[in-house]
Every structure is written in C-alpha cells, then in structure tokens.
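So the structure is just underneath, and the comments pick up after that.
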Amino acid sequence: MSSTIAQKRGFASTLWDYLTTVDHKKIGIMYLIAGGFFFLVGGLEAMAIRWQLVRPENDFVSAGFYNELLTMHGTTMIFLAAMPLIFALMNAVVPLQIGARDVAFPFLNSLGFWLFLFGGVLLNCSWFLGGAPDAGWTAYAPLSTTSPGHGVDFYVLGLQISGAGTLIGGINFLVTIVNMRAPGMTYMRMPLFTWTAFVTSALILFAFPALTVGLFLLMFDRMFGSGFFDAGMGGNSVIWEHLFWIFGHPEVYILILPAFGVFSDVFSTFSKKRLFGYTAMVFATVLIGFLGFMVWAHHMFTVGLGPAANSIFAVATMAIAVPTGIKIFNWLFTLWGGNIKINSAMLWALGFIPSFTIGGMTGVMLAAAAADYQFHDTYFVVAHFHYVIVGGVVFGIFSGLHYWWPKMFGKILNEGLGKFTFWTFFIGFHLTFFIQHFLGLMGMPRRYWIYLENQGLDTGNAVSTAGAFLMAIGTIVFLYNVIITSVKGEKVSGDPWDGRTLEWSIPSPPPHYNFRQTPLVRGLDPLWIEKSEGRKGMTPAEPLGDIHMPNSSILPFVMSLGLFIASFGFIYQTSDKSWLSLVFIGMGILLGCMFIRSVKDDHGYHIHKEDLDKEAGL
Amino acid sequence: MKGWMGKIRTLLLLSSLSLILSGCGKENLTAFLPKGYGADVSLGIIITSLVVMIFVFVVVMIIYTFVLVRYRQKKGQEDFVPKQTEGNKALEVVWTVIPILLLVIIAVPTIAATYDLADKSGQKDALNISVTGNQYWWHFSYDDQEIQTSQDLYIPTGKKVYLNMISSDVLHSFWVPSISGKMDTNPENENTMYIEAYEEGVYWGKCAELCGPSHSKMDFKVVAVSQEEFDQWVSDMQNVDPEATPEATSAQEGQKLFEQNCLSCHAIGSSPVAVAPNLTNFGDRTKIAGVVDYSKENLVDWILYPEEIKPGNKMVNAPYFGEHKDMKEFEDEAEKIADYLLQLKPSEITPDSAQ
Amino acid sequence: MSDEHTLNPEIMPEEPEKATLEGRNKFLGFWFFLGGETVLFASLFGTYLALKGSNNGGPTADELFGLELVFIMTMLLLTSSLTSVYAIYHMKNNDFKKMQLWLGITVILGLAFLGCELYEFTEYILHEDFTFRSSAFGSAFYTLVGFHGGHVLFGLLWIVTLMARNAKRGLNLYNAPKFYVASLYWHFIDVVWVFIFTVVYLMGVI
Amino acid sequence: MAENTNSSNSHLDYHKQKKKDEMKQQVITFALMIIFTIIAFGMVTSGLDKLFVVPILLLLAVVQVGFQLYYFMHMSHKGHELPSLMMYGGAAVAFLTVLTMVVLVWW
Ligand code: HEA
Ligand code: HEA
Ligand code: CUA
Ligand SMILES: [Cu+2]
C-alpha cells in the first residue's frame, strides 16, 4: 500500500479514489460539493418562488408547479443542503479537533455520505419523472397520502434513504468523539464545535427514528393500502403530525447547534480570547438539545389539542430562550475586552448575532399559543424560520467555510470577495425576510401560489423578491471566489489565523493520517496553551510509530446504489407489479454487499514509520 | 384577565394608530386591526411579547455595538493578546435569571388567553354552526336552523358564535385574521372554536393549511350583521322555495339547465349536499367561488372553465361540456344558467347590510 | 496480525469484545444504535396504541388474540435470550465450540418463534379476515409486530452468517466484538417482545 | 504474557469463577423472568379488574426489561456509562412519544 500521494493521477483514478474513499477529509469535501450543489438547486427554487410572488396574481408558474417548488425548496434546503453542509464541516474538522487520526467507523462514514447523495438524487429525479412532491416539506396527511402521481413517493423514499445515511453519520460522530479523543482531551476540554457536533449527533440518533417510522407509515398508506392516516379506515392524520414534529423540531436544533459551535470557535479565535463561560456554553448546548425534545407540539397549536396541551408546550418552548440567551451573552462577552479582527469569517459571525436574535425573538412570540393562532401558517412563520435558518445556519456555514477553508484546501478565500458576498447577502437577507413578518399579520398565509390584488400585500412582496436577488448575487460571488481561490489562491501555512485548537497544529491540508504523532492535550484551547508557553506545536503523546489506516471500499457506493434501484421498484410497483423485480435486484445488491462486508475481513493497513520519515523529509 | 387587558388595550390603541399610519394591511383582512374578540386577545399577546422582545433586542444591540466599537482591533495592535477570562459567575446568573423573569411576563397572559380562547362554557346556549372545509370551498350548516350555505358565513355581531369544524377531505384551516386566529379542520374529528365580531362588516377569511393547488384561492367571507338583521336573514333563508320560478325567461331556461346538469352536486335550499357549494343565496355573493369578482361575465367563465380559475377544483370532474355541442351553444346555455344563479337573492340581508 | 490466530485461554483478555479499539467502537456504536431503535419502536407502539380501537368494523383485539400461542412464543424468545447469554459466557471462557453450540440453539429457538408468528398471521388473514388493509388497527398491528418479526429474521441471518464464517477459524479479537454485538441485538429483540406481549396481546385481550 | 504463567493462572481462575458466579446469577434472572411472564399471563386469564391488572402488567414488563438490560446485556457492568446514558435518553423520548400518542390523539 503506497503512502505517497504526490503522484500524478488520471481523472479515472481520482474518481475511483473518491468513490471508494473512507478518509473523513475527502468525505467532508464530497459533502461540501454535494451540499453546495443542492443549496444552489434549493436557492434556484427559492428564486422561482419569489419571482412568482413578485406581483399579485402572477402567472410565472402554475399552481401545481408552485406547490412542487415550495415543497422541494424546503425539503432540499433542510435535508440536502443545510444538513450535508454541516456534515461537511463536522467531517472536515471534528476528528482534527480531538486529535484523532480517523473517525470511529470510516466505512460507515462513507456509507452515510453515499446514502445521503443517492437519497437526494432520487428525490430530485421526481422532477423528470412526472412531477415532484407537492404536499409541503411537512407532507401532512391526507394531502400527502392522496396526492396523485409519484411525487410524494419520491419524497418518502428519498428521505428514507438519506435519513438512514444521516443516522449512520450521527452514530459515527458520537462514537468518534467518545472513543477517539487524544490523550488529555477530556470532555471539558473539547472545542465547542466538537461539543455541538456531539449533541447534534445525539439529537440525530433520537429524532430520526421517528421520521423513519413516519415515512414507513406514509409509504405503506400510499403504496400498500394500509390505513394509518386514512380517516375512512379509522386512521388518524394527527399521528403523522406528531411523528413528523417529534422528529422535526429536534431537526431544527440539529441544524443550529453546529452553527453555534462554529461561531464559538470563530469568536474566540478572532478576538484572541478564550471562550467566555465555556462551562455554561457546554451546559447550554446540552440543555437546548434536551429541551428540544419536549416542545414539538408548538407546531400544532391550531390542530385542536386543547388549551392544556397548548399551554404546556408553549411554556416548554419559551424555556429554550434561556439557554440560547446564555449563549448569546457569552459570545458578546467573549468579544468584550478582546482584540477583534474583522475578516470574512468574523463578519458572518457578527452578522449572525442580530439576525438570529430577531429570529429567536419571533420564535418566542410564536411560542405564545394564543398569539400563534394568528401567526401559524402565515408569512410570519416563514420570516421566523428564515431568520433562524438563514441568519443562523447558513451564516454559520459561510463563517465556517471561510474559517476552515485554508485547513481543508490549503488556501484562504479572497477577503475582498468574501466581504462583498457578506454584505450583499446580509442586506438581501433582511430585505427579503424582515418585511414578511408584516405580510403574515396582514393576512398572507404561507404556501400561497398567488395573492389577490387590493389586499395590501403588493409592496411587501415586491421588496421581498428584490432582496432575494441580492442574496443570489452574493451566492454567485461566493462561487466565483471559490473558483478564483482554487486557481490563483496562495498556499498558506498550517496555522493562518493564529488558531487555538488542535486542527491548526498540523499542515494545511492535513496529511491523510492527520497527526504524525498523537498530540498530548493539556487544557482547553491546547494549541494556544503551547504557543503561549513559547512552544511551536503540540507535544506528542507517543513515539513515532506505524500508523494504522482503514482500507478504502466501493461497497458503500454499491449498497446505496442498490437502495436507489430498489426505490424505483417500490415506487412503480403500484401501477405494474413487474416493477417488483427492481425491488429484488436492488435489495439483493444491498444484502449481498452487507454479506460481503461481514464475511470479508478488513484489517486496514499500516503506514510505516520509515515512510512517514521519508514524507517529512520531502 | 381584565387588568392586563386594560393596560394592553391602551398600548394597543397607540400602536394600532401608528400601524394605520404606516398602512399595515387592508382593513377587514389584517390582524393588526382586530374587529373581533379572538383577534383582539391574540393581538394583546402579540404586543406584550413584542414589547419584551424589543427590550431584549435593544439590550443585545447596545452591548454588541459597544463591544464592536470599543474592542475592534486597532492599527499596530495586531499582536496584542487580551486577558484570557474564563467567565463570570455573577454575570451568568444575571443573564439566566432576567430572561426567565421576562418569559414569565409572557407566559402568564399566554396561558390565560389560551384557556380563554378555548372556553366552551357558553356553547350550549349560543349559535352553533357546523363548518366543513372542502377542496377548495367552505360549507356552513346552522345546526338548529336548518340553514345550509357556502362561502359566506353570516353571523350576528356582539355574540359568541361557536364553530364546529371538520374537513371532508384534506386538512384546511379556518382563518379570519381580523376576527380571530385560526383553527384547523381535520378529517377525523371536530374542532370547536368561537368567534365574535365587534362591529358589522364583511371580513375576509382564508384557508391557512396547504390543501392542494388552489389552496391560495380558498377564500371566504364572514358577514357580520346586527342581531335583528341576522334574525331576518335566518327567517328569509328558512323560507326559501328552492323551486321558485324566476321571472325572466332566460333565467327560467337557466333553471331547467341547472336542474339537469348541476343539481347532482350543488344544492339550493337546505338539503345537505356536501359535494359542491350550496347556492341558495348565490345572488348575494361578493365573489364567485371565493376569489373571482362578481359579474355575469366571470360567472359564465367559471361555469365553462372552472379549472382555469381554480386549478384542481372538484367541479372539473363534471365540467359543463357535452360531447356533441359546439362552444357557442355552451356559452349561450351558461349565460342562461348565470341569469338564473344571479337572481338567487332570497334575503334582504346581504353583505351590503353589513356596514 | 496477532489478533488473526485463534486465542488460547492464556492470552484471552477478560473482555475480548472490548480489547481492541475497533471492538470498543463497535460495542459503543451498537449500544447507541439500540438507543435509536428504542425510539423507533416507541413510535410504532405509540401509533399502535392510538389506533388499536380503530377496527373499522372488523374483529377487535380481544376477539382476535389467543394467549396460548403468544405464551409459547414468549417462552421461546425468552429462552433464546438465555441461550445467547450462555454463548457469550463461553465466548468469554474462550470455548468456541460451546459458543457455537449455544448460538445454534438460539437460532433454532428464534426460528421456532418466527414459525409461530407466521402461523399466527396466516390464521388471522385466512380465517379471521383480519389483514394489513382491513382497518387502521390492522395496519398498526401488522406493522408493529411485523417490524419485530423482521428484526428477528435479520438477527437470525446475522448470527448464522457469523457462525458459518468463523466456524473454521475460531474465536479471535477481530470477531469477538461481532459475536458480542450480535448477542446484544438478540437481547434487544427480546426487550421489544416483552412490550409487545404485554401491550399488544395481554392488554389487548383484557 | 506467557512468562508469568503462575500468577496468570490464578488470575484466570479468579476470572473463571467470577464468570461462573455471574452465569448463576443470570440463570436466576431468567427464572424470575419466566415467573413474571407466567404471573402476567395468569393475571390476564384470571379475569381480574382491568384497572388493577394493567399497571401491574406494565410494571412487570419494565422490570423484565431491566433484567434483560442490566443482567443479560451487562449494563450493570462498568464501561457502560454512555450506553446507559443513550438508552435512558432513548427511553425518555420513547416515553414522551407513547404518552403523546395515547393522550393527545384521542379522537
Ligand atoms: C434553525 C432552525 C430553528 C431554530 C433555531 C428555531 C428556534 C426557535 N423556534 Fe422555530 N421554527 C423553525 C426553525 C427554527 N426555530 C422552522 C423551520 C419552523 C417552521 C416549520 C414549518 O412549519 O415549516 C419553525 C417554527 C416555529 C414555531 C411554529 C410556528 C407555527 O407554525 O405556528 C414555533 C412556535 O413556538 C417556533 C418557536 C421557536 C423558538 C421559541 C425558538 C428558540 O429556540 C429561539 C431561542 C432564541 C432566542 C429567544 C434569542 C436569543 C435569546 C436571548 C437574547 C435571551 C433573552 C430572550 C428572551 C427573554 C426572550 N418555531
Ligand atoms: C435551510 C433552509 C432554507 C434556506 C437556506 C432557505 C432559503 C431561502 N428561502 Fe426558504 N424555506 C425553507 C427553508 C430554507 N429556505 C423551508 C423549510 C420552507 C417551507 C417549505 C414548505 O412550506 O413546505 C421555505 C419556504 C420558503 C418560502 C415560502 C414559500 C411559501 O410558503 O409559499 C419562501 C418565500 O419567500 C422562501 C424563500 C427563500 C429564499 C429567498 C431563500 C434564500 O436565502 C436563498 C438564497 C440562495 C440563492 C438565491 C441561491 C442562488 C444561486 C443561484 C441563483 C445560482 C443558481 C445557479 C446554478 C444552479 C449554477 N422559502
Ligand atoms: Cu384549504 Cu388550504
Ligand atoms: Cu419547532
């Protein structure tokens, strides 16, 4: 097994390398590319939505198509853009931050990625095969069970497959963080980003099974004639709402917590200060995750659960403002007294504070059940969640990308372009969504294909659309920045930001074994400690030795392909049973691969000490 | 309840004034100008919470601005290493306790209002109306009065009216922003909510739960009239003769055509057909099918091309097209039917009465 | 590698399943997975409980369920749990043959359980006219119990694969975690069954 | 390791004995589980009052599951802190889910 990678490679072998890789850094890059692509797709759908709503009774798209657009926009953005981009950062950074050479389950890590990608591709195949799902990203029954065509079938199977990938990824990160930490890296010395990755993974573990079950039931209702949500058979559509939100609410914290982690690292790095109130920050993160499981019914205030349930869930929801507030103030006091350097990564983080605070505040307003009777399913809710998701999660991803880009690719993104992206996106964002609060209360429900003339909704919507275009410009400039940087950008050192955590103690991009020698961690912000004591890097915790590495494998790709094939069988067997053959083929491939995997021993390989020395000498 | 409501109300008056000035929405549609009890209570909570939120935001922004101005890196100080503080117990207690107190300020009235709006104690003696949400129209059945009507809901002002809501197909949500917050209609259970309009008027209602392609066109109206007018409307509606012959000949022909082609789904009078809107007082509507301006031309269009006006609506299943007639003939017939429908004005009490 | 060849008692660590990093990862990861499975089954149980009265005119739970068969099934599965404990006991004593033997017994008991379940289902479908499509209750019943049955089937395939794969080479530090984890899975199936016989069958007929 | 045969052997014996004891304990656990099951089935067939039986049934089920987890699956042993954490986390979510479905979906 050769350990020198600096050989010239053909395209085919690079492709093969990526298809089979189990290296978390490469998987991170693949998550970045795929998630970025889906972000553009979802953004394009958003632009179509906004263009349709630019003036009253517009006919840019048809009613049915509009519903497909909004469903696919929401689904794509949440499951195929935001989550994978967060997984991209987690994959690229978490093992480095805890001083690990690898994740706990490299094979499963790759399987998780391919499942996500094939699930996403499957979902988007619906566009070309008779129409996308059109029942909203929440797919409320019975609209979803009765929706004609195969759109919702693609939703069910696409999310089922990519959801399985996410669950696998979550377990992988949990075990990685528990078992793979370097010596001295106790729990209370872990960087906040790692902590949030940990809590997010735990949320994934407990939240996704509810979605899995919900999707199964939906699938059975649509494809196999069961009656879970069919009132005619004694079924109950409210069950779907509960299952969806038991998953759905934790899901939004799954998205935001890693973004919080990014901001914590960015704030402390660029104000050259230790994170203020580290213990409280950790505690708040855990508390948010914990409370996140008890509030889901705040999405169901108008379902008719009764005043007792509504009040309980209202108060429980409001409680989340407390730990979140602790975080906001701790960030502000991290900046307090610091030496604040404002670059692109920091701009996104600074832009986050007011934006997210507004979003959180409207969240608390929504939590007041009696007020939510007015807000629910209006543009006020749309405004709320874009403030927290775009102003929190998307800003966090942008911040993280600017911050860790040099670590991932060895080059710093262009600062001028970065600032331009930020300002256009930031202004566009507020322009788009602030006014939607008012639109909602002025009587504009969400998921409206058109709004009528003379209802006082024209100006607000036009402004909103204008803002969306600014965001698009910002995004396009960012893409340009990425291209320019990879073509022309200059190589940087391993530690361009005067970093504090372990990932900055190794070269950029890191070698595939990450750490030549596992570092010895002596406190929070371990690299900072060493630097402040005058040392250049980390003290190793072990002598230089052979490094054990996992073997790459094509099986994850093939397994996901199997499920992809089987899905078409499931979807089309409703009209013609011969499609069932695809189910057998696909599941056969999957089971076959699992069989091979369990029968074939995989001990990995070793990079020898001498080779390491040779590489260092180069 | 009363104490804080009073204080809120002054606040509310002030802020609604400023909202009117800034032109926040269309009267009888916007939730900013409540014309009914539910909307009033909700706005009270909205404003209470908004005030607290603005306070929080201001505090955050003051610290934020100060920090950015004061501690931004100065030229030549790039290497300055600030003191590495670990935290501050006292401060942390402060920003844990104060938010809790602020939340209590919101939570208490919220709970009170939530229970208030779910109060069913007066339901027995009050007017009860069964509401059915359908793709994409609303049906109203007045429980003890044997009145069936669609699209326009007539209620008396100043009274709590209980709505018992259910759906015949998918989920919908009944929302009249200026009267009251919304309540979903589910297919498997009945939800109850009450509404009370303070003053006469025609209030715009919307469907607020995604229910298919024409979800955005599932509008309806709440027509609030005085108690006397309402009583008269009730008796007028009860005394409708569904088979009454219209005066004009074209309308008479229209009636025949209507009976042959349309009555399989629609109904006139109080027979409870739930496949299509009840057209008893169709002549008094302000909109056709909830969204189209009321005119003969538009009505003819609707009869001939319902799909183009409300995509996916269920009238499409039986469009008014035979196999072997030409278009012109259809138009003629549709006009006759329109003539018939337009003169269905059983009551003096119309949306115009609601001033 | 050293963990390739069969272990002898002298060098057998106390907890062979956790002797290597891979083993510890598997051990922990699998436990976490079971945490997620708990939520998965809870969602199914919840759905079942919400819908168990919705028989849509078909047979109700107490008309349907007979307890004799369920009792036998419970005994089979409980016993198989004990036999898999024996298997792990022998694994820790590094007695590969006995471990295989007990695993074999476990598999047979599991098969018997599945047989009973299939018999039960066919009875319902053929004689009681109670199917997946007859009512929301039917859908929920077959889904919950069927998911469990599916787990049993998967567990059997898994254990048999492990037994066959390692029959020739015996126990080592590489496959010990695999056996251990499979036995955890088998116990978890029993955990779920305890709730199924209690909540579905016993509380169904009472 | 092989050099220290003597001490290693007594060490081995000690562990063997420990495992044996544990095995005994597990057989007892099993017996208890069987008894519980019989009690549960017996109570249902004996036609006692529902309000009385159901809580006991659930209690018996929980205890049995505790036996499975703590004895058969060794959750009582050290090194199972995180597994317990995650199982309890899962159980908490599970409890809320079931509670909701029973209480909040009554129509
Ligand atoms: C990243 C995603 C994210 C995040 C972080 C949040 C955070 C919160 N959300 Fe949001 N929410 C969504 C994503 C998110 N939400 C989505 C996608 C939907 C719609 C789904 C759909 O229907 O399609 C939604 C919908 C939604 C609803 C349902 C509305 C409806 O449909 O009727 C409610 C109701 O309670 C709610 C509440 C909250 C609350 C209280 C928070 C809190 O966590 C916010 C806490 C933060 C703060 C409060 C700010 C900082 C705190 C301080 C400065 C301290 C002092 C503050 C106080 C004392 C108030 N959200
Ligand atoms: C992560 C989550 C996320 C993100 C980032 C966004 C981002 C955006 N969203 Fe959306 N949104 C949701 C999650 C998200 N949204 C959800 C869950 C719903 C609810 C769906 C439902 O009701 O079921 C929703 C609904 C929703 C609506 C309401 C639709 C309705 O109810 O009828 C609107 C309307 O304005 C909207 C707008 C936008 C806009 C303008 C952006 C912008 O921020 C987007 C910015 C990005 C771009 C503009 C990309 C630009 C790039 C290009 C144009 C280049 C393309 C080129 C190539 C392909 C090479 N979103
Ligand atoms: Cu009915 Cu939307
Ligand atoms: Cu939520």
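Below, each value reflects all heavy atoms present in this structure, side chains not excepted, and no hydrogens, waters or symmetry copies. In what follows, chains are A, B, ... by sequence order, proteins preceding strands, each numbered from 1.
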Checklist entry - Where on Ile246(A) is there a heavy atom nearer than 4.5 Å to chain D: the side chain, the backbone, both, or neither? => result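 Just the side chain, heavy atoms under 4.5 Å.
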Next on the checklist: Could you measure the distance from the CZ atom of Phe313(A) to the OG1 atom of Thr100(D)? Nearest 0.5 Å is fine.
Outcome noted: 5.5 Å
Next on the checklist: As an exercise, state the distance from CE of Met300(A) to CG of Leu104(D), rounded to the nearest 0.5 Å.
Outcome noted: 7.5 Å
Whether over 12 other heavy atoms sit under 6.0 Å from [X] [atom1]:
{"X": "Phe95(D)", "atom1": "CZ", "result": "no"}
{"X": "Tyr71(D)", "atom1": "OH", "result": "no"}
{"X": "Tyr70(D)", "atom1": "OH", "result": "yes"}

Checklist entry - Looking only at heavy atoms, which two atoms of Phe293(A) and Leu96(D) are closest? And how far apart? => result O-CD1, 3.8 Å
Checklist entry - Would a 4.5 Å heavy-atom cut-off, applied to side chains only, mark Thr97(D) and His242(A) as touching? => result no
